[in-house]
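Reading through the structure tokens given below for one structure.
Chain letters run A, B, ... following the sequence lines, proteins first, then strands; residues in each count from 1.
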Protein chains: 2
Amino acid sequence: MCYAIVRFGKEFSLIMSIAPEISTEQKIKDVARVIFTKKGFLATTIRDIATEADINVASINYHFGSKENLFAFIMDETIKRLFDKIEPVFNDETTTIAKKIELCVGYYIDQILENPDFIFFMVNEVMGGSTKLPMINNMRSLVNSYFAKQLQALQITGGISFHPVNIMWNMAGMITFPFLSRPQILQSGSFNQDEFLELMQERKKLIPVWLNAMMNV
Amino acid sequence: MCYAIVRFGKEFSLIMSIAPEISTEQKIKDVARVIFTKKGFLATTIRDIATEADINVASINYHFGSKENLFAFIMDETIKRLFDKIEPVFNDETTTIAKKIELCVGYYIDQILENPDFIFFMVNEVMGGSTKLPMINNMRSLVNSYFAKQLQALQITGGISFHPVNIMWNMAGMITFPFLSRPQILQSGSFNQDEFLELMQERKKLIPVWLNAMMNV
DNA sequence: GATTGATTAAAACAATTGTTTAAAACAGGC
DNA sequence: GCCTGTTTTAAACAATTGTTTTAATCAATC
């Protein structure tokens, strides 16, 4: 609980919760997400988190059991956030393939632009190679989505001449690659931060166009 | 040095180097490449390497100074191997853009198929965020390659209506993404190992076609 | 105001890490 | 056979890690 002793003329009064209450648990989660995302699981120490959150190291294990538990918890939350927004788009039965792609690309790029390290977080998880990942269930739900069915139908009717999963892979690859190599891109001096962002804004419009062109080969 | 005592009738003879000489240094490099690639820099311990290479931990620091030095050495070598093959393709002034893309895609995918963890190695490096990377010099040389000039010319003459770097990013993204998510793909059960490989073989032919379609939008 | 249960804090713990030391083993030249 | 410099080994070192312990603090209830 957060107090403040406030002078008011000659009176002193004790005011509770002058700042919005932020629980230790929430502080840990907020800080841990940032540090895990930036440095990865292994390079992050619970002392990093404790220092940054201004709490005791023991509190982390008290609230989350272990470093690994904390990481898993945050990971679940992060992935859930993403898929909770993508799934409705994919399963909307009233929109065309082209519209779904347009929405998905736009949303995905915006998501990464807001949280640039998110992509590293995802890759980190993949590379960790751990099983029982919430990611897999989410991926499976995308494979079974209405969008997937639309693509399969497109293949059967001869609309595309290749396996529909290629559409998904190409979309994901085109969205994510520039972000993955961004550190190198910026450091090599080919583009500065603003130029990079502008290119990504252009790509929001271009990727759907490109994917459309692909489907017509 | 490697000896063997070989029986020959009633004679015994001492034969030197019956097996090809493998120096300690080479053993360390071979083992370290595999383990670093598989587990990443942080998760790899010099004791892992020493045990696997069947040598003493101190030998690693004797020959390479430090774990970080060893990693940098291997990284340099690995990246050099890749770019030494891509650069000639990119700088050949007698081949068309389409042909360069075809060669590059095919070679790149083959390279990753041969060493599936290579892509994680690359991403690991990017995510490590270290400076003074040989990678950056290599990327810069690609940006200044004859292929890049061909793409720029194509944009100027109106052959493409967007920044040529998008071609590079799309090519790289489409090549790498399936490999990055392979662990999830296989684990989710959508495809098995053989199906995945077959899809990648198809993509060797399809990606150049798709890129060509893109350039005509 | 004492009691209770939940939370926080400081310190210690055990294990693992990369690195160094100092001695042994080795190979080659005289 | 002895000496020389190189390589390998076992052991120790210092630092850092995640975790646990134990006591103090806090907020609420009676």
Measure from CG on A/Asn69 to P on D/dG18 and round the result to the nearest Å. 14 Å
Nearest to the side chain of B/Asn61 - C/dT17, C/dT20, D/dT17? C/dT20
Hey, does the Lys NZ or Arg CZ of B/Lys67 hover above the aromatic six-ring of B/Phe36, less than 6.0 Å from the centre and inside 45° of the axis? no
Modelled atom types, side-chain donor and acceptor of A/Tyr146 and A/Gln150, under 3.5 Å: no
Quick test: give all pairs of protein nitrogen or oxygen and nucleotides 4-7 of chain D nitrogen or oxygen below 3.5 Å, distance rounded to 0.1 Å.
from  : atom 1 : to      : atom 2 : distance (Å)
D/dT7 : OP2    : B/Tyr62 : OH     : 2.8

Length of the CD-C1' vector between A/Glu25 and C/dT7, whole Å: 11 Å
Distance, rounded to the nearest Å, where B/Ile46 contributes CD1 and D/dT8 contributes P: 15 Å
Contacts of A/His163 that satisfy ring-ring contact (aromatic ring centres under 6.0 Å, His included) - sequence neighbours left out: B/Phe191
A/Ile35 atom CD1 is separated from D/dG18 atom P, nearest whole Å, by 12 Å
Heavy atoms only: give me the nearest A/Lys29-A/Phe64 pair and the separation to one decimal. CG-CZ, 3.6 Å
Between P on C/dT17 and NZ on B/Lys67, what's the gap in Å once rounded to a whole number? 9 Å
Would you kindly give the CG-to-C1' distance between B/Leu70 and C/dT17, to the nearest whole Å? 16 Å
Contacts of A/Phe162 meeting ring-ring contact (aromatic ring centres under 6.0 Å, His included) (sequence neighbours excluded), chain-then-number -> B/Trp210
Please name all residues satisfying side chain to side chain donor-acceptor pair (under 3.5 Å) with A/Glu87, sequence neighbours left out, ordered by chain then number. A/Ser141
Can you see whether B/Gln201 engages B/Lys204 through a side-chain donor-acceptor pair at a distance of less than 3.5 angstrom? yes
Within the 4.0 Å limit for protein heavy atoms, which parts of nucleotides 9-15 of chain C are touched? Write it as a string from 5' to 3', B for base, S for sugar-phosphate only, - for none. BB-B---
Would you mind listing every salt bridge (Lys or Arg N to Asp or Glu O under 4.0 Å) that reaches into residues 41-52 of chain A, with sequence neighbours excluded? A/Lys39-A/Asp48
To the nearest angstrom, how far is B/Leu42 atom CG from D/dT16 atom P? 15 Å
Derivation and outcome, salt bridge (Lys or Arg N to Asp or Glu O under 4.0 Å), residues B/Glu102 and B/Lys99: CA-CA 5 Å; B/Glu102 187 191 322; B/Lys99 187 68 186 170; 3.7 Å; yes
